[in-house]
There are 2 protein chains.
Amino acid sequence: MRSYNARADIVRDGDQSHECCLVLTGFVHRSKLLKDGRRQILSFHTPGDMPDLQGLHLPVMDHSVCTLMRTTAAFIEHAAVRQITREHPGIAEAFWRDTLVDAAIFREWMTGLGQRDARERVTHLLCEISLRLRGVGLATEAGFSFPATQTDIGDALGLSTVHVNRVLQGLRGDGLVRGNLTALTILDWQGLQAAGDFDPTYLQQRPKEAKGGETSGHASLGSAQAVH
Amino acid sequence: MRSYNARADIVRDGDQSHECCLVLTGFVHRSKLLKDGRRQILSFHTPGDMPDLQGLHLPVMDHSVCTLMRTTAAFIEHAAVRQITREHPGIAEAFWRDTLVDAAIFREWMTGLGQRDARERVTHLLCEISLRLRGVGLATEAGFSFPATQTDIGDALGLSTVHVNRVLQGLRGDGLVRGNLTALTILDWQGLQAAGDFDPTYLQQRPKEAKGGETSGHASLGSAQAVH
DNA sequence: CGAACACTTGACTAGAGTCAATGTGTGTGG
DNA sequence: CCACACACATTGACTCTAGTCAAGTGTTCG
């Protein structure tokens with residue numbers, strides 16, 4: 001297990017990876033840097049995620065994994081993972097499925113980047129972050145705390161920081177949210193979903209358990225703990 | 001094996017898929033439609049590709065697979081594929097790897113959609129199409145023929161048809177290419193790569209064989225034949 | 001306290017979209 | 001063989017969303 005400060009690289013673009021990373025506490029993002037410094041954030045990850053599982057079969061990284069805040073992560077040698085997946089096809093399928101959900105989220109983001117305007121992109125991302133944090137018990141319908149700056153949001157959505165700021169002000173003005181990413185209150189969840197044309201199917205989340213029963217269904221790839 | 005006309009759906013968004021599609025001849029794309037009709041093209045596929053391999057473990061489609069021209073495709077029941085992957089972990093890994101390359105291409109496209117301007121996006125896509133067609137023997141360095149309209153390119157790159165048209169004229173004016181997608185001559189491959197900041201690593205293509213020797217390396221998932 | 005970082009605001013610019021019309025080539029039916 | 005329809009490509013004029021630049025204002029933290 002290793003510990004990282006905020007804004008630290010866990011794996012770098014071009015690295016030859018020989019182990020998989022499992023986020024235990026904290027948050028990370030994956031990103032690609034262009035030569036001139038432009039940055040595209042590709043995904044955000046919560047505790048329980050394995051953000052570089054793809055390194056198992058594509059050993060040279062085409063992007064970096066970086067922390068958003070102080071983060072701890074466990075590492076498992078590829079050799080060990082490979083042995084497990086060889087011996088237990090069910091686990092191999094669960095891992096494979098995990099990378100497929102990853103790709104489904106990429107497709108949704110591509111659609112946003114290509115077709116949606118700034119307001120739709122921002123609200124869509126807020127909805128996604130909310131649901132994913134709720135999925136690991138780090139948020140409620142009322143709001144969440146996520147350690148991304150407006151610049152991070154801009155780099156994820158293909159928008160400038162200034163424009164992200166203005167869109168957020170618009171959402172506050174329309175009574176949809178209050179506060180900032182680091183302490184966001186959702187005032188109108190329905191309105192937020194509508195503004196972002198948000199349909200959560202692509203997240204492939206297990207259906208919410210009714211009361212307090214144990215979640216059934218597909219393998220869950222790790223246990224999560226809130227840090228903050 | 002089934003045959004499709006141009007602009008036909010092979011699989012539709014929302015379908016519960018129970019078989020995998022292998023493109024034999026022709027070309028297809030995958031796309032998502034928004035409620036108001038906006039369309040994001042997510043990928044293009046050549047003969048030999050299995051564009052909906054992900055359906056194996058995410059059984060409800062989050063996008064459609066459509067033909068660009070008259071296309072023939074073979075279909076394999078998920079049950080059969082699953083049995084093969086259970087019995088032959090090496091094949092499972094090859095399929096898994098295929099979906100991971102798919103995701104790597106998504107990441108590159110996301111980066112383009114979020115960070116690159118119109119000219120960079122168009123040239124980058126031209127480079128990608130060229131290399132991928134060459135990879136299956138359907139093009140040379142001199143150029144290619146690809147049955148996408150300017151509207152298709154626009155929907156893939158998040159640009160309007162009119163703007164795609166103007167960018168292409170710019171590239172012709174600068175002596176980089178001649179003609180149109182359906183009959184493109186590449187006049188300056190180096191210049192095209194430079195204009196699109198194109199680095200083909202993400203395609204994970206096997207290194208070009210030296211003379212005429214058999215390709216070694218990773219499993220190739222099908223054999224291709226030119227149509228057109 | 002002061003540096004660093006994030007957020008906010010205003011004024012101006014520019015890249016890309018929209019609208020509408022006009023080519024241009026192809027195929028088809030009479 | 002021609003007329004017509006259709007799909008795709010092209011052009012011009014105008015608009016607008018989002019970017020850029022530059023200057024603030026917090027706020028945190030060593």
Side-chain angles (χ1 to χ4, degrees), chain A residues 5-8 29 34 36-41 66-70 112-125 145-173 177-184 195 228, chain B residues 5-8 34 36-41 66-70 112-123 125-126 145-173 177-185 195 228:
Chain A
N5 284 322
R7 321 241 138 228
H29 73 261
L34 300 191
D36 62 2
R38 284 175 285 179
R39 176 180 68 149
Q40 178 65 41
I41 289 185
C66 314
T67 62
L68 283 167
M69 62 180 294
R70 177 160 273 282
L113 286 165
Q115 305 302 324
R116 294 198 240 262
D117 68 21
R119 185 185 169 96
E120 292 172 315
R121 288 186 223 177
V122 171
T123 50
H124 197 279
L125 181 59
S145 169
F146 189 70
T149 65
Q150 294 181 354
T151 301
D152 293 330
I153 302 301
D155 286 349
L157 300 179
L159 300 170
S160 68
T161 307
V162 171
H163 203 58
V164 169
N165 183 290
R166 288 181 174 135
V167 170
L168 282 172
Q169 287 179 56
L171 300 181
R172 289 192 283 254
V177 301
R178 184 183 301 153
N180 239 308
L181 272 277
T182 46
L184 193 86
H228 185 67
Chain B
N5 284 322
R7 321 237 138 232
L34 300 191
D36 62 1
R38 285 175 285 179
R39 176 180 67 148
Q40 178 65 41
I41 289 185
C66 314
T67 62
L68 283 168
M69 61 179 292
R70 177 160 273 283
L113 286 164
Q115 304 303 324
R116 294 197 239 263
D117 68 20
R119 185 185 168 96
E120 291 172 315
R121 288 186 223 178
V122 171
T123 50
L125 181 60
L126 294 180
S145 170
F146 189 71
T149 65
Q150 293 181 355
T151 300
D152 293 330
I153 301 302
D155 286 349
L157 299 180
L159 300 170
S160 68
T161 307
V162 172
H163 203 58
V164 169
N165 183 290
R166 289 182 170 132
V167 170
L168 281 172
Q169 287 179 57
L171 300 182
R172 289 193 282 254
V177 300
R178 182 184 301 153
N180 239 309
L181 271 277
T182 46
L184 193 86
T185 307
H228 186 64

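All chains are named by letter (A, B, ...) in the order of the sequence lines, taking the proteins before the strands, and each is independently numbered beginning at 1. Owing to the predicted nature of the structure, the values given are computational and were not obtained by experimental measurement.
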- Message: Is it the case that the side chain of A:R116 and the backbone of A:R121 share a donor-acceptor pair, with hydrogens and angles ignored and the cut-off at 3.5 Å?
- Response: no
- Message: Would you say A:N165 places a side-chain N or O within less than 4.0 Å of OP1 or OP2 belonging to C:dT8?
- Response: yes
- From the candidates D:dT10, D:dC21, C:dG17, the one with an atom nearest any side-chain atom of B:H163 is C:dG17
- Note on the structure: Checking B:V164, B:L126, B:N165 against B:I153 for side-chain contact (heavy atoms from CB on, under 4.5 Å), the one that qualifies is B:V164
- Message: Regarding B:G154, tell me which of base, sugar-phosphate or nothing describes its non-hydrogen contacts under 4.0 Å with the strands shown.
- Response: nothing
- Distance in angstrom units between B:R121 CZ and C:dG15 P, rounded: 13 Å
- Message: Using a 4.0 Å heavy-atom cut-off, does A:R172 contact any base of the nucleic acid, only the sugar-phosphate backbone, or nothing at all?
- Response: sugar-phosphate
- Query: Think A:Q169 has a side-chain N or O under 4.0 angstrom from the OP1 or OP2 of C:dT9?
  - Reply: yes
- Look at the side chain of A:V162 and decide which nucleotide, out of D:dG19, C:dT9, C:dA16, has an atom nearest to it. C:dT9
- Query: Does a salt bridge link B:D117 with B:R119, judged by any charged N lying under 4.0 Å from a carboxylate O?
  - Reply: no
- Note on the structure: Among the nucleotides C:dT8, C:dT9, C:dG17, whichever has the atom closest to the side chain of A:Q150 is C:dT8
- Within this structure, what is the CZ-to-C1' distance between B:R38 and C:dA16, rounded to whole angstrom? 15 Å
- Rounded to the Å, how far apart are B:D117 CG and D:dA18 C1'? 14 Å
- Message: Of the listed nucleotides (C:dC7, C:dG10, C:dT18), which one gets closest to any side-chain atom of A:T149?
- Response: C:dC7
- Just how far is it from atom CG of A:L157 to atom NE2 of A:H124, taken to the nearest 0.5 Å? 10.5 Å
- Flag yes if more than 12 heavy atoms outside B:R7 fall under 6.0 Å of its CZ atom; otherwise flag no. yes
- Task: Quickly work out the A:N5 CG to C:dA4 C1' distance and round it to whole Å.
- Result: 16 Å
- Item | Minimum-distance nucleotide to B:R7 side chain [options: C:dT9, D:dT10, D:dC8] | D:dC8
- Heavy-atom donor-acceptor pair, B:R166 side-chain to C:dG15 base, under 3.5 Å: no
- Item | Spacing of A:M69 atom CE relative to D:dC29 atom C1', expressed in whole Å | 17 Å
- Query: Could you give the CG-to-P distance, from A:L181 to C:dT8, as a whole number of Å?
  - Reply: 11 Å
- So what does B:G158 hit on the nucleic acid, given a heavy-atom distance under 4.0 Å: a base, only sugar-phosphate, or nothing? sugar-phosphate
- Task: Tell me which nucleotide among C:dT18, D:dA18, D:dA9 gets nearest to the side chain of A:A118.
- Result: D:dA18
- Whole-Å distance, A:R116 CZ to D:dA18 P, equals 14 Å
- Task: Applying side chain to side chain contact (heavy atoms under 4.5 Å, CB included), run through B:L113 and B:Q40 and close with a yes or a no.
- Result: CA-CA 11 Å; B:L113 286 164; B:Q40 178 65 41; 3.9 Å; yes
- Note on the structure: Rounded to whole Å, CD of A:Q115 lies from P of D:dA18 at a distance of 13 Å
- Message: By the 4.0 Å heavy-atom rule, please label B:L168 as base, sugar-phosphate, or nothing.
- Response: nothing
